[in-house]
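Before any comments, here is the structure.
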Amino acid sequence: MNPAPALSLPGRDLIGIQGLSAPEITGLLDLAEEFIELNRQIEKKRTTLRGRTQINLFFEASTRTQSSFEIAGKRLGADVMNMSVGSSSVKKGETLIDTAITLNAMHPDILVVRHHASGAVELLARKVDCCVVNAGDGAHEHPTQALLDALTIRRNKGRIGGLVVAICGDVAHSRVARSNIILLQALGAQVRVVAPSTLLPTGIENFGVEVHRTMEDGIASADIVMMLRLQRERMAGAYIPSVREYFHYFGLDEAKLRYAKPDALVMHPGPMNRGVEIDSSVADGPQSLIREQVEMGVAVRMAVLDTLARKLPNA
Ligand code: NCD
């Protein structure tokens, strides 16, 4: 593996894709490519984070993102500790800021944080001395998900600029959609969102995306069809008449996929609700990139941790 290119990120933390330039995004993707190779070898260890402490602080349940950050940190040589709310004093009423100050006193070098409230990760980042990576905050941003999606697209299509990407489903509650819209547009893709009106955030047009309310229109001639999970835990009222009706109109099955380009590829950040937003025949079919997205996730998180680690004091 070649030495990592001299990469830059605008600050000490990675809170969102917003604020990153196209060269910064591309630089992270290029570095991640090197880690894909490393991860496929028997010996997967690097020493960039040797002696460093990484705490994964998850206020919201997560399987793939948390394990992906854990593996990424360990492969770079960090000591990784996982903390989930279920087992912490947050359950006993401690505030977010108190938790941050407590952890900060233990001198971690990197905090990877997921929280159910938009803006919580940025607030926490202001209270600690280490670098902070946003692993998803409310409906705001999920930057490493957008980076891994971009890496997956680039490897399969050879580029991102000029592609038509349709992001379909529960856009209103989705930090994945938000981060992806910002990133894909920064790299020159044409982004569409496809959803019933109740699942579109107000002012979505201001993001510069094309808005469609039927799958037939929305995925017509698309290169990439990106499905989103119906985030029922974030829904306070009735956003859809029924799950069956939702699947009928907005669930991706083989018949609807035929509206897209013949070589269109299908993505989903997981966890999937099979039979709700996506049919199993598509999720497990030849056009699906869903498993590859998980592999790319580890490489992208290694690239992010590696880049931020170079900015730590005494690095
Ligand atoms: C996403 C998340 O948590 O934002 N999942 C993930 O990170 N793999 C999407 C979702 O929960 O639907």
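Please read these numbers as outputs of a predicted model, since none were measured by experiment. Both ligands and their constituent atoms are indexed starting at 1 by order of listing.
Against a heavy-atom cut-off of under 4.0 Å, R114 is close to the following atoms of ligand 1: 2 (C), 3 (O), 7 (O). Of all atoms in ligand 1, numbered sequentially from 1 with element shown, those under 4.0 Å from a heavy atom of T65 are 6 (C), 7 (O), 8 (N). Close contacts of ligand 1 with V176, meaning ligand atoms under 4.0 Å from a residue heavy atom, involve 1 (C), 4 (O), 9 (C). Residue contact check: Q145 has heavy atoms under 4.0 Å from atoms 6 (C), 7 (O), 8 (N) of ligand 1.
Checked for salt-bridge contact, E60 and R175 meet the test: a charged N lies under 4.0 Å from a carboxylate O. Remark: D223 does not engage R159 in a salt bridge, criterion side-chain N to carboxylate O under 4.0 Å. Note on R258 versus E254: no salt bridge recorded, every NZ/NE/NH1/NH2 to OD/OE distance being 4.0 Å or above.
For F58 and H115, the ring centers are positioned 6.0 Å apart or more.
By heavy-atom distance, the residue among G297, P269, G270, G138 lying nearest atom 5 (N) of ligand 1 is G270. Comparing R64, Q66, Q231, R175 by heavy-atom distance to atom 10 (C) of ligand 1, the nearest is Q231. Selection from H142, E60, R229 by nearest heavy atom to atom 11 (O) of ligand 1 gives R229.
With K311 contributing its side chain and L9 its backbone, the two residues share a donor-acceptor pair below 3.5 Å.
Annotation for R12: atom CZ counts as buried by contact number, over 12 foreign heavy atoms lying within 6.0 Å.
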